Each structure stands twice: as C-alpha cells, then as structure tokens.
Chemist: 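Have a look at the structure that comes next, please.
Just so you know, these numbers come straight off a predicted model, no measurement behind them.
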Amino acid sequence: MQLSRLEINGFKSFGDKVVLRFDAGVSGIVGPNGCGKSNVVDAIRWVLGEQKTRNLRSDKMENVIFNGSKNRKPTQLAEVTITFENTRGLLPTAYSTVSITRRYYRTGEGEYLLNGVACRLKDITELFLDTGIGPDSYAIIELRMVDELLNDKENARRALFEEAAGVSKFRVRRKQTMKKLDETDADLTRVEDVLAELQRNLKSLERQAKVSQKFGTLRAEYRAVSMVYARRALAHHAEILEKLQGQLATETHRRQTFAREAFDLERALDGLQKAADAARVALDEQRTATAEAGFRLRETETAHQQRRQRLAQLDERARTLRQNLSAEAAQAEQTARDLAALAERLTATRAELETARAATTAARATQEVAQQARTAAQAAQQTAAAAQRAAQQAVFQQQKEAEIAALHVQTVRREQQQLADRQRADADITTRGTDELARADAALATATARLTELQEAERARQEALAAAESRVQELAPALAVAARTLDATRNQLTLTKALVENLEGFPEASRFLYKAAQTGRWATAGGAPLLLSDVLTCPPELKAAVSAYLEPWLPCFVVESVAEAAAAVALLQNEKKGRTGFLLAPAWGGRAP
C-alpha cells in the first residue's frame, strides 16, 4: 500500500488547491521556515481523522480553514483528499485505489467521504486498523515524536513497538469489547432491577387484573342495560317528538288559517277605510261647497244690502227730484201766470199801441222797452221749457232707475230663493254623508273589534307555538344526549367487534397466524383456526377465575395435527413474528365447533 496523491484546498495556509503526487521511491518536501511544510503533515493527520486541535497546532478546529490575507478573502471550508494504492490488498476493500476526503465548514459542520461516498469516522478508523496508518501511528513521525521516543515519555516507545507488531488492533478491539461488556453488565443490572420491580408489582397487577376483569364484566352489563335504556328513551323521545311534530303541524295550519282570515279582514278593512276616506272626501267637498255657498250668500246679502242702500238713496233722490219737480211745476205755473199777465199786458199794450200809434215816436222808447221785456219773457219761457224738459227727463231717468232697481231686487230675491234651495240640498247631502260616515265608523269599529279578537287569537296561538317550541328545545338536549349515548354505544360495539376481530391483547404471533389462515397462507384441516379462548366455555360466574388460571394458554391455537403446528411454526420463523403455543385437539377427543 502506497500514498500516491494528496489534495489540499483551503486548509491553513493553502488558499488555492494544491495537489502533491508521491511517486515510486523517496519524495521530499523542502523549503524555508514558514512556507507550510508542517501544514502538509497536519493535513495528512487531519484527513485521517485527527480530532485533537493541540496535535494540529491550533486552538480550535475552525482555525484549520484558510483565514485569508490582504489580497485574498477567507474561504468557507477546508477540504483534504488523500489517495492510497491498495495494490497488495492490505485494506479490507475491493478497490485498488482508496481515496479519503474530509471537509469542514465554518458553520461547524463536517463530513467524511470514502471514494466519494459519505461515511463515518468509525468506518475510516476500522478501514486503516492494523495497517500502521492513522493520525497517531508510527507512519507519521514529527520531530517532537522523536524526542518522545528517545526519552520514552508516557511509554511512547512501547506504543510504537505495539503498533509495529500489530498488537494495537487487538488492544482497540479488546477496549471496545470491554466497553460492550460493561454496557451489557449495566443492562443486566438494570434488567434485574426491572425484574425485581416487576415481581414486587406482580401481586398488585394481579389484583388490578381481577378488578379490571370485574370492571369489564360490569361494563358489559352496563353497556347492555345502557343500550336497553337508550332504546326505551329513544323510543319515548321519538313518540314525544312525533306528538310535538303533529301539534306543530296543527298549530301551523291554524296559524295559516288565522293569517288568511286576518288577510281577508285587512282587505275588508282596507275597503271600508277607502269608503270612509271617499265619504270624508265627499263630506269635505260638501263642506267646501257649503262654505263657498255661505260665502256667496254673504256676498249676495252684502250686495243686496248695498242695493237696498242704493235703492234708498234712489228713493231719496226721487223724492228730492219730485220736490224739485213740484217746485219747477209751481215755478212753471207762476211763469204761465206771468205769461198770461204778460199776454194780457201785451194785449193792453197793443191796445195802447193802437191808441197811441200816433204817438209812435214818443212811445218808441216805451216800445223798445216792451220789446226787450218781450225778449226777456221769451227767454224765460224758453228757459222754463228747457227746465221742464230736463225735469221730465230726470223723472223719466228716475223711473227707469226705479224699474231697474225693482228688477235687480227681483233677481236678488230669486238668487236668495235658489241659495236657500241649495242650502237645503247641501243640508240633505250633509245629513246623508253624516249617516254614511256613522255607518262607516260603525263598520270600522266592528272590523277593529274583529281584528282585535283575531290579534288576541294570534297572540294566544303564538304563545302556544312558543310553548311548543320551548318544549321542543327542552327535549332537544335530552334527545341529543340520547343520540350521543346511542352513538357511544354503537362506537363501543364497533370497537369491541374490531378488538375481537383484530385479536387485540393477544401476542403478535397469534394475530399473524389468524390473518394468515384467513388469507390461505396457513392451511388448517378444520377451516378457520380456533384459539383456546374460542373453544372453552364456562358459566359467567366462573369466567374470571378460569381466565386467570388459563391465561398463559388462552392465546394458544387448537390444531388437528402436529403438521399444522409445524407449518405454523415455519411460517412464524420465516416472517420473524415471534412465538406462540399449539394444543392438539385429539388430546381431548376432537376440536369443538
């Protein structure tokens, strides 16, 4: 076996990957102090599994990683690979070339590789055991080790001779064997302590087993009684639930009936309210018309009063005109008398003119005066005629205004009569509207009373429904409890069946053989295999005692022949499923069904 190759990457002063080849003959590494010659030896020692940092000339394992320099960053891992040529087969492996790789990361994690495959340090140590190669073997000798050999410090010379003689391998194996013996002695001591503890607890466990068996019996009885009680309670609750559902259906039907009646009454009430609203609107219209008629009546009365005042004024004016007319008539009579006197005087004057025509010149002044008086009399006559015509025109106008006033009075009287007729008609309409409103109020009161009765009935039905719902809610927890009890009983029954079918509590070998017989891997003459617990029967009061006495044999199978038992034993050995017992059925005259 020869060292052929050494690869160093990131170890101590080797920042770059360095490959050292060791060919046939003698290889030497020379160089000045501090160039890293000793780091090569440390790398060989480290890759072979050195764990002591003191032997690597470091304070801690992290220092073996390249820490960098001024121009280089530190690396994150150190890796060394050493390769040996196993030409003579000294290493217990089939490979002719063996490569050992060790990596260490700054996180503290490390790994070993043997020919590129991850392995343990123990695997590498056992591989190089008794080959003279190792982190502390004589194949790697430092200067300090020479001093230790010469001084025989700590029997270093003896260790070297033992390593060279191949004794160290046996010493290591002896140390490992003694360590295993010490561990075995400790385990035996612990087992003895456990056995002693188990023996002390055996009696209490037996008592607990008896109590457990009694508990199992009582639990089975309790389960049976609980199931009977649960069935009865469930039937009772089902009857109550059915009754309550019937009552709920009845109450729901009544509620729907009451709701329809209430809806019909509400519709009728809406109709009555609409009729009442229409009557109120008509009444308001009649009241408005009455108010307008009263307003018009008051306006007519006011106009009539004004016409009366105007008529009185016209009467007064007519009376004044009559008085003026009388005065004018008297004045006209006086004028007529004056005219007659003037006529008589004119006649006398003419007589005197005829008698005094001779004295015309002397009497011209008198004639001119007479002529002027005549002109004045004619003007007065014309004025009196004009005044008479004006008086006659005023009288005619007064008569015309009196006739118009009389016609207006007749019109006002007719309007008063029509207004009175309208008032009587309005009074009749108001009376009818009042009667209809009274009837509508009575119908509304009746409908309101009916609605109140229906609301009371609905309130009573709601209270009954609330009571029924409260009863249902009160019974719901009991029903839920009964349902949970039934579910628990079913779960317990399912669990019991599963335990029985899976042979819980029996050894693994018994369960395996039972399933193997079901799948056909173990053939028995009687069909399905029977355990001793399936064959034996006894009175219930003796079951606990018989079970306690025959407990070691209860998991045993009852077979027809030794061949069946041998086949089962072979199957157990092939599958490594443990051991179990077998009983021959012919020993007591055949298997029980």
Side-chain angles (χ1 to χ4, degrees), residues 49 51-52 108-110 112 119-127 129-130 136 162 167-220 492 495-496 498-516 529 531-536 538 542-559 565-566 568-583:
Q51 300 296 323
K52 297 179 181 179
E109 299 177 353
Y112 292 90
C119 63
R120 301 173 298 173
L121 175 62
K122 183 179 179 181
D123 299 332
I124 297 175
T125 303
E126 292 179 353
L127 179 65
L129 192 64
D130 197 24
D136 53 352
E162 289 179 351
V167 179
S168 60
K169 173 179 66 175
F170 301 102
R171 186 182 297 278
V172 172
R173 291 180 179 176
R174 178 178 176 274
K175 184 177 180 180
Q176 294 176 353
T177 304
M178 293 301 296
K179 184 178 179 181
K180 290 181 180 180
L181 288 174
D182 293 338
E183 292 177 354
T184 304
D185 290 338
D187 293 338
L188 288 175
T189 304
R190 179 58 182 164
V191 168
E192 290 177 355
D193 294 339
V194 171
L195 288 175
E197 184 68 23
L198 291 176
Q199 289 177 357
R200 286 194 298 270
N201 296 334
L202 183 59
K203 293 183 179 180
S204 62
L205 291 175
E206 289 178 354
R207 289 193 300 270
Q208 293 178 6
K210 292 179 181 180
V211 173
S212 178
Q213 291 176 356
K214 186 176 180 180
F215 171 74
T217 304
L218 294 176
R219 184 172 60 181
Q492 290 177 357
L495 179 61
T496 304
L499 293 177
V500 173
E501 292 175 357
N502 297 329
L503 298 179
E504 294 293 336
F506 286 84
E508 183 181 2
S510 300
R511 296 198 300 271
F512 174 74
L513 288 178
Y514 194 82
K515 294 180 179 179
L531 297 171
L532 181 61
S533 58
D534 298 331
V535 175
L536 295 179
C538 63
L542 300 178
K543 185 176 181 180
V546 173
S547 299
Y549 182 75
L550 298 178
E551 182 178 4
W553 296 279
L554 291 178
C556 296
F557 284 93
V558 179
V559 296
V569 171
L571 183 60
L572 290 175
Q573 289 178 352
N574 292 332
E575 299 295 335
K576 297 181 181 180
K577 293 297 182 179
R579 298 180 300 176
T580 187
F582 299 92
L583 298 175

Chemist: What pairs of donor and acceptor atoms, side-chain ones from residues 181-193 against any protein atom, are under 3.5 angstrom apart with sequence neighbours left out?
Modeler:
from: T184; atom 1: OG1; to: K180; atom 2: O; distance (Å): 2.8
from: T189; atom 1: OG1; to: D185; atom 2: O; distance (Å): 2.8

Chemist: Closest heavy-atom contact between G49 and L121?
Modeler: CA-CD1, 3.6 Å
Chemist: So does Q213 get a backbone contact from the side chain of T217, meaning a donor-acceptor N/O pair under 3.5 Å?
Modeler: yes
Chemist: Within this structure, what is the NZ-CD distance for the pair K122 and E126, rounded to the nearest 0.5 Å?
Modeler: 5.5 Å
Chemist: Checking R207 against K203 for the side chain to side chain contact (heavy atoms under 4.5 Å, CB included) test, could you report, in this order, the C-alpha distance in whole Å, the side-chain angles of both residues, the deciding distance, and whether it holds?
Modeler: CA-CA 6 Å; R207 289 193 300 270; K203 293 183 179 180; 4.1 Å; yes
Chemist: Are any non-hydrogen side-chain atoms of R174 and T177 less than 4.5 angstrom apart?
Modeler: no
Chemist: For the side chain of D123 and the backbone of R120, is there at least one donor-acceptor N/O pair under 3.5 Å apart?
Modeler: yes
Chemist: Please round to the nearest 0.5 Å and tell me the distance separating atom CG of N201 and atom CD of E206.
Modeler: 11.5 Å
Chemist: Under a 4.5 Å cut-off applied to non-hydrogen side-chain atoms, are K210 and K214 in contact?
Modeler: no
